[in-house]
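This report concerns only the one structure given below.
Just so it is clear: chains get the letters A, B, ... in the order the sequence lines come, proteins before strands, and each one is counted from 1.
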There are 2 protein chains.
Amino acid sequence: MLKSPLPTRDDIDPVAPTPGAAAATPGARFAARPDIPLYYQIKEDVFLHLRSGQWPPGFELPPEHALCAHYGVSRGTLRRAIGDLVSEGFVERRRGRGTFVCQPKLESGVEGSYRRFRMIGPPLDPGARVLACERVAALPDIAGVLGLAPDAPIWQLERVRHTRGEPVAIQTSYLPAALCPDLDHQALQHRHLVDVLRDVYGVRLGRAVEYIDPGVADRHIVRHLGVTPTTPVFRIERSTYTIDNRLAEYRRASLRGDLYRYRIELR
Amino acid sequence: MLKSPLPTRDDIDPVAPTPGAAAATPGARFAARPDIPLYYQIKEDVFLHLRSGQWPPGFELPPEHALCAHYGVSRGTLRRAIGDLVSEGFVERRRGRGTFVCQPKLESGVEGSYRRFRMIGPPLDPGARVLACERVAALPDIAGVLGLAPDAPIWQLERVRHTRGEPVAIQTSYLPAALCPDLDHQALQHRHLVDVLRDVYGVRLGRAVEYIDPGVADRHIVRHLGVTPTTPVFRIERSTYTIDNRLAEYRRASLRGDLYRYRIELR
DNA sequence: GAGTGGTCTAGACCACGTT
DNA sequence: ACGTGGTCTAGACCACTCA
């Protein structure tokens, strides 16, 4: 797509002008393909320079006005292209300094680069077998987790989730009773908790934070999930918040590790 | 921040004009605070309408020109505000149709909404104890995984990683020998594999895909990590690709589950 | 002071979906 | 035909960084 080499820093550096290099793009025009957004073509072109190693990590990109001239586009279009590369984590803008190629984050430490994850496995059946659904006074520990006063009324829920009729997970949930004064056993057998909260109580859930540990099936899990005592499980701890950021549910769950796994794409 | 209610669909609907509602924002001006980008203030204001439930999931936002008029900004600024909400997953634009509030994805099934994850735990020491570093002919299975012909030369690496001098993970790696003809035992004891690949062989790593399962320490792990036979571990399977998308390393690892956990933020 | 990126405007034309 | 969002322009002024 690119008909001419991109400008180097030297091409536009007034301190050390290199006429030869500058002459490498004399009156160069960017050969844009129709029906493809310009910003996208530019982004791809710049990205190729990163992949090819011509613009290595730490490299300072030519300033925006130089790239505008090179590609023959307005600054808005150029900034959209570079902005997409920024949000994908490939380049970094520093106000007053310039735009730089990021260091690859992969494997640089324990802190994983983010990307996206998903749980891999067969879909859970809707509803659950409700082992317990009790309104109790919060013990100090759980009150602390939920951010409530000790003895505040809470709902304590224990459910077994199924996949194709087979039990695969046990979930213990704690919810402030103020959020949903009269939870119904029956409703939860066929509906997601999130749906009951929304439709019955007008509670909308927003973000959640989940911690995942490896574990081994204990007696409780063995009994309810019908697995052997050495089956590996995921121990999942989740805090779910309402859209106005109140803690709506604290949940601990065990999920069969022989049926489910996590998949994470790293950059 | 908002001095007047945002326009409703009715306010700008030519089919069903509601003069009363329209009069609710007569000559309304958006009270912008200085030193905060306009697009950011607008984004926050619109976001509040989502959180408050005034614009519920599925709701069609007023058209851009109406929002421009309401906030008294140009279309570029308005689009930047809405665009940020789009990339955060709160609203969705449909060309020719309009802009709509997204349905909350949380808990709607087994497929997790993505957000970001990180490994939680103390940082790994650089380098590793290299148990094995052998150049061998690929067995059919591993050749298949690496996308090589059977008997193609590969490097087979076994390393123990440490944290504060204590062994916490075992990693078995397979790499096409073509990528790095003469891997050095010594170099790997003090440097990250990724650094050796880059600095010695000019191989740059890009994306990676990781699968995570729960497991229990086996004899091999017990011996090298010094844990008891029932310690839960993460079984991590990772394929790492070069920036030009060739498979550079296939790795299986076991990581002490009593020291590390995953943290995932869901939307 | 010179150069960089950050923000913002007021237009324009287009592609798409609905009516 | 009309209204929607998608793209793009050619300016402008500002804040920040560095020499």
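One atom, CG of A:Leu85, and another, P of C:dG5, lie 14 Å apart when rounded to the nearest Å. The CG-C1' distance, from A:Leu67 to C:dG5, rounds to 12 Å in whole Å. One interatomic measurement links the two molecules: CD1 of B:Ile36 to P of D:dA15, which rounds to 14 Å at whole-angstrom precision. In this entry the distance linking CD of A:Gln41 with C1' of D:dT7 reads 12 Å, nearest Å. In this structure, B:Tyr39 places its OH atom 13 Å from P of C:dT9, rounding to the nearest Å. Following rounding to the nearest Å, B:His65 (NE2) and D:dG5 (P) show an atom-to-atom distance of 8 Å.
Legend: residues meeting side-chain contact (heavy atoms from CB on, under 4.5 Å) with A:Val86, ordered by chain and number and at least two apart, are A:Ile82, A:Val91, A:Arg93. Residues forming a salt bridge (charged side-chain N to carboxylate O under 4.0 Å, His left out) with A:Arg191 (at least two apart in sequence, or on another chain): A:Asp199.
The side chain of B:Thr99 contributes no N or O atom lying less than 4.0 Å from OP1 or OP2 of D:dT4. Taking 4.0 angstrom as the limit, A:Thr77 places none of its side-chain polar atoms (N or O) nearer than this to OP1 or OP2 of D:dT7. For A:Arg97, a side-chain nitrogen or oxygen approaches OP1 or OP2 of D:dC18 to under 4.0 Å.
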Hey, what are the protein-to-nucleotides 10-14 of chain D N/O distances that come in under 3.5 Å?
from, atom 1, to, atom 2, distance (Å)
D:dA12, N6, A:Arg75, NH1, 3.1

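The cationic atom of A:Arg94 (NZ for Lys, CZ for Arg) lies less than 6.0 Å from the six-membered ring centre of A:Phe100 and within 45° of the ring axis.
For the residue pair B:Pro176 and B:Leu146, the shortest heavy atom distance occurs at N-CD1, 4.3 Å.
Residue B:Glu64 places its side chain closer to D:dG6 than to any other of C:dT7, D:dG6, D:dC8. Listed candidates were C:dG5, C:dT9, D:dT4. Nearest to the side chain of A:Arg93 is C:dG5. In the set C:dT7, C:dG5, D:dT7, C:dT7 carries the atom at the smallest distance from any side-chain atom of B:Arg80.
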Checking side-chain contact (heavy atoms from CB on, under 4.5 Å) for the pair A:Glu237/B:Arg261: CA distance, chi angles, key distance, verdict? CA-CA 11 Å; A:Glu237 197 179 327; B:Arg261 62 193 326 202; 3.0 Å; yes
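Donor-acceptor pairing under 3.5 Å is lacking for the side chains of B:Ser239 and B:Tyr211. No hydrogens or angles considered: a donor-acceptor pair under 3.5 Å links the side chains of A:Tyr71 and A:Asp45.
Nucleic acid contact for B:Arg79: base, since at least one base atom lies under 4.0 Å from a heavy atom of the residue.
Each of B:Gly98 and A:Gly96 lies near DNA chain D, and the nucleotide nearest B:Gly98 is the one positioned closer to the 5' end.
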